[in-house]
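Lettering of chains follows the sequences in order, A, B, ..., and the numbering in each one begins at 1. These values consider heavy atoms only, across backbone and side chains, with no hydrogens, waters or symmetry-generated copies. Computed from a predicted structure; not experimentally measured.
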Protein chains: 2
Amino acid sequence: MNSYEDEFRNYLKENGLKFTPERQLILKGVFSLHKHFDIDQLWEKLHRKDRRLSRATIYRTLPLLVECNLIQETLRCQGRVQYEHIFGHEHHDHLVCLKCGKIIESREERIEKLQEEICKRYHFKAVEHRLGIRGYCQKCQNKMKGT
Amino acid sequence: MNSYEDEFRNYLKENGLKFTPERQLILKGVFSLHKHFDIDQLWEKLHRKDRRLSRATIYRTLPLLVECNLIQETLRCQGRVQYEHIFGHEHHDHLVCLKCGKIIESREERIEKLQEEICKRYHFKAVEHRLGIRGYCQKCQNKMKGT
DNA sequence: TTTGTAATTGAGATACAATCTCAATTATAC
DNA sequence: GTATAATTGAGATTGTATCTCAATTACAAA
């Protein structure tokens, strides 16, 4: 099995793009962050290592990582796009707490199956799918009761 | 059964808010549009009837309509929030064609059930959920083959 | 009907994420 | 090494969404 760096290198080569130090830095940064992150969090982390690194480069690189299936957009949170790396992970759905922002991940095989069924029904060729449930996590529910 | 205007009036009254001509205009506009729309489409339509109507008022009113369950956000399309009215409609999922923008609506009772199950599993109190599938509709698939 | 008051409005200013521009730089193939 | 097309950073720009504030208005109570 290839490493994520190999994956990225191959993707770039196939598309006549270059593997630059900036792209390498961003790639490593993405996989060193625990799961969900937005562009600013990533920039803040990487900017410490390379003061020159521009936000624009991150904005330009992340779509490439999406394109070669190393990361994906998840839910939008407070107007910002959130990403997570998916290389070596299975697809899963998200439950987002509206109060504390906690994200619960859940995989439900039966839902995946039903989605495929729906696509077949409409002769729809799915590229990507996202199930997001917004509400309140157990802790926040308890807090709200307590008030 | 109440009309959507009654629903809105009740909601406003309960919250000490006013039923203004602008809000009435926006409400009617929303329900006269066929399903999915974004704020600009709505403004363009309403601006013709009332040249004074400000975008800000629409931006301020739509969250009220969401709050009282007359409309809901659907998928984000090209960076814009899309809305649809749901008064008198059942919840449904969306299949969005990445090429032509066509939106297919689908309701699948079994998925709804499974979602409830997941929420129970995590003691999560859902407020809202959205399932979006992005890909290519049948027509666009055929077009792409043809090329 | 009149009045008091708090909510609402429009217009423009503002905030902010995301994108674009362009000269300077650099990775890659030969 | 050299040629060349891709890439970069910094700042400008775009475009959605939000905020500000003085003027206006809906609505409840008199």
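- Atom CD in E73(B) sits about 12 Å away from atom C1' in dA17(D), given to the nearest Å.
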message = What verdict does the salt bridge (Lys or Arg N to Asp or Glu O under 4.0 Å) test give for R110(A) and E117(B), after you've listed the backbone C-alpha separation in whole Å, the side-chain angles of each residue and the deciding distance to 0.1 Å?
response = CA-CA 11 Å; R110(A) 287 170 293 171; E117(B) 209 178 283; 2.7 Å; yes
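- Between E22(B) and L64(A), the residue anchored closer to the 5' end of DNA chain D is L64(A), taking for each the nucleotide with the nearest heavy atom.
- Protein atom OH of Y59(A) is 17 Å distant from nucleotide atom P of dT14(D), rounded to whole Å.
- OP1 or OP2 of dA18(C) has not a single side-chain nitrogen or oxygen of R55(A) nearer than 4.0 Å.
- The OH-C1' distance, from Y11(A) to dA6(D), rounds to 14 Å in whole Å.
- Within the structure, a side-chain polar atom (N or O) of R23(A) is placed less than 4.0 Å from OP1 or OP2 of dT8(D).
- Across the protein-nucleic acid pair, R60(B) atom CZ and dA7(C) atom P stand 14 Å apart, rounded to whole Å.
- Atom CZ of F37(B) is separated from atom C1' of dT16(D) by 16 Å (rounded to the nearest Å).
- Between R9(A) and E7(A) there is no salt bridge, since no side-chain N of the basic residue sits under 4.0 Å from a carboxylate O of the acidic one.
- Mapped onto DNA chain C by nearest heavy atom, K18(A) and I58(B) fall at different nucleotides, with I58(B) at the one closer to the 5' end.
- Of the candidates dC19(D), dA29(C), dG11(D), dC19(D) carries the atom nearest the A56(B) side chain, counting heavy atoms from C-beta on.
- The nearest whole Å value for the distance from the CZ atom in R52(A) to the P atom in dT8(D) is 14 Å.
- Side-chain atoms of S32(B) come within 3.5 Å of backbone atoms of G29(B) as a donor-acceptor pair (strictly under, hydrogens ignored).
- For the pair L12(B) CG and dA6(C) C1', the computed distance is 15 Å after rounding to whole Å.
- The phosphate of dT9(C) has OP1 or OP2 within less than 4.0 Å of a side-chain N or O from T20(B).
- Residue L17(B) places its side chain closer to dA7(C) than to any other of dA29(C), dA7(C), dA28(D).
- For the residue pair E112(A) / H92(A), no side-chain donor-acceptor distance below 3.5 Å is found, with atom types taken as modelled.
- Rounded to whole Å, atom C1' of dA27(C) lies 11 Å from atom CZ of R9(A).
- The side chain to side chain contact (heavy atoms under 4.5 Å, CB included) with L70(B) is formed by just one residue from the set L64(B), L27(B), I86(B), L62(B); it is L27(B).
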